[in-house]
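Order of listing sets the numbers, starting from 1, for every ligand and every atom in it. Atoms considered below: every heavy atom in the structure, side chains included; atoms not considered: hydrogens, waters and symmetry mates.
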Amino acid sequence: MTTVALLSRSADLDFLRPLLLAADPTLDIATWPDPRCLDAEVAACWQSPPDIYARMPNLKLVHSIAAGVDNVVAGQDLRGLPVCRVVDPLLADGMLQFVLWGVLHFHRKLDQAMASQRQQQWKRPLQTPASSCRVGLMGLGELGGHIASYLPSLGYAVSGWARSARELPGVTVFSGEAGLQPFLAQTDVLVCLLPLTPETRGILNARTFAALPRGSTLIHCGRGEHLVEADLLAALDSGHLRGAVIDVFEQEPLPADNPLWTAPGVVVTPHMATMAAFDVVASQIARNVAQLRAGAPLFNQVDMARGY
Ligand code: NDP
Ligand code: OXD
């Protein structure tokens, strides 16, 4: 029997228990802070409790219940353990829908129409074709890559930035540190879909915003720690940036006194851009438990040398 520990310092993951048992009735499930978690072979995690894996001598697999793994690996003793994550086409579709909404919000100037409505003013914003709106995707992985495969078909001028170079139909691809400034210089709507790593922490900062054309906008769906909030507020205040849709925050829930709640031009959403269905999460964990038992390759294993 394999024991799966449901670990989180911020949420009760026990809702996954019936779904995991439906996927594999032989599993033994323990939910943190049940001390039986410490004997588990598999950890299924979101925001893992501090230094927890070091206290789990039988641990053989760390599985994020989400697409990102930053909050299950940060500050932990991984001692070479494999780390897996969730990859799912419907999760990618959800992100596509959210980002498309954000792009339309700015391209079709719904932000301006909503500001006029608040003042009961009838102002018709000038409309422009999609080809005039340059969407820049930071990150071309499972999520950014999916969006890059769709947005050009709507007529948008799409570019992307990743660590490694590649060719994507209808997309201008920039790569590496040297590609960042030229990528930003030709972006009107910047979309962040990067994983959080030491290289990407704080990447949405004053220097990045200054490299964007005046009047550009931000859709941020990566992680809160990518964004230097004070730099965003300053760029909005100066008028260099026109607006921002922010879905992820360094502190979640966003504290009531955070100035982003009320900053003009900012749409705050509560980390809702997308999520995998819970039965999909459970079945992917159960599938990897079976792979582990069989000594077979794991699905969606993260390259811990890269950190994503
Ligand atoms: P992937 O690992 O599939 O893709 C990551 C992409 O980022 C790759 O294209 C990679 O480049 C690029 N990248 C990584 N580091 C760098 C760097 N230093 N410089 C340039 N490019 C870099 O991740 P996903 O697409 O699955 O997910 C991305 C993130 O989205 C998650 O880590 C998570 O934080 C966030 N997320 C947010 C959700 C929300 O609801 N707000 C929901 C789900 C995920 P390369 O291709 O060259 O390797
Ligand atoms: C994820 C998330 O990483 O929901 O899947 O943020």
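No option in V62, L81, L78 other than L78 meets the side-chain contact (heavy atoms from CB on, under 4.5 Å) test with M304.
Between the side chains of R293 and T2, a donor-acceptor pair is found at a separation under 3.5 Å. The closest side-chain donor-acceptor pair between Q76 and S48, if any, does not fall under 3.5 angstrom. One side chain, N205 or T208, offers a donor N or O that lies under 3.5 Å from an acceptor on the other. Using modelled atom types and a 3.5 Å distance limit, the side chains of Q251 and N258 yield no donor-acceptor pair.
Ligand 2 lies within reach of R223, whose nearest heavy atom is under 4.0 Å from it.
Which parts of ligand 2 touch H271 is read off a 4.0 Å heavy-atom cut-off, strictly below it: atoms 2 (C), 4 (O), 6 (O).
No side-chain heavy atom of R306 sits under 4.5 Å from any side-chain heavy atom of P195.
The protein atom (non-hydrogen) at minimum distance from atom 5 (O) of ligand 2 is A67 N, 2.8 Å.
For a heavy-atom separation below 4.0 Å, the residues in contact with ligand 1 are A67, G68, R85, M95, G139, L140, G141, E142, L143, W161, A162, R163, S164, R166, L193, L194, P195, E199, T200, C221, G222, R223, D247, V248, H271, A273, T274, R306, Y308.
Taken together through direct or relayed side-chain contacts under 4.5 Å among Ile, Leu, Val, Met, Phe, Trp and Tyr, V189 and L137 form part of one hydrophobic cluster.
Considering both main-chain and side-chain atoms, A66 never comes within under 3.5 Å of ligand 2 through any nitrogen or oxygen pair. Considering backbone and side-chain N/O of G68, one or more are found under 3.5 Å from N/O of ligand 2.
The local environment of CZ in R124 is sparse, with at most 12 non-hydrogen atoms from other residues, nucleotides or ligands closer than 6.0 Å.
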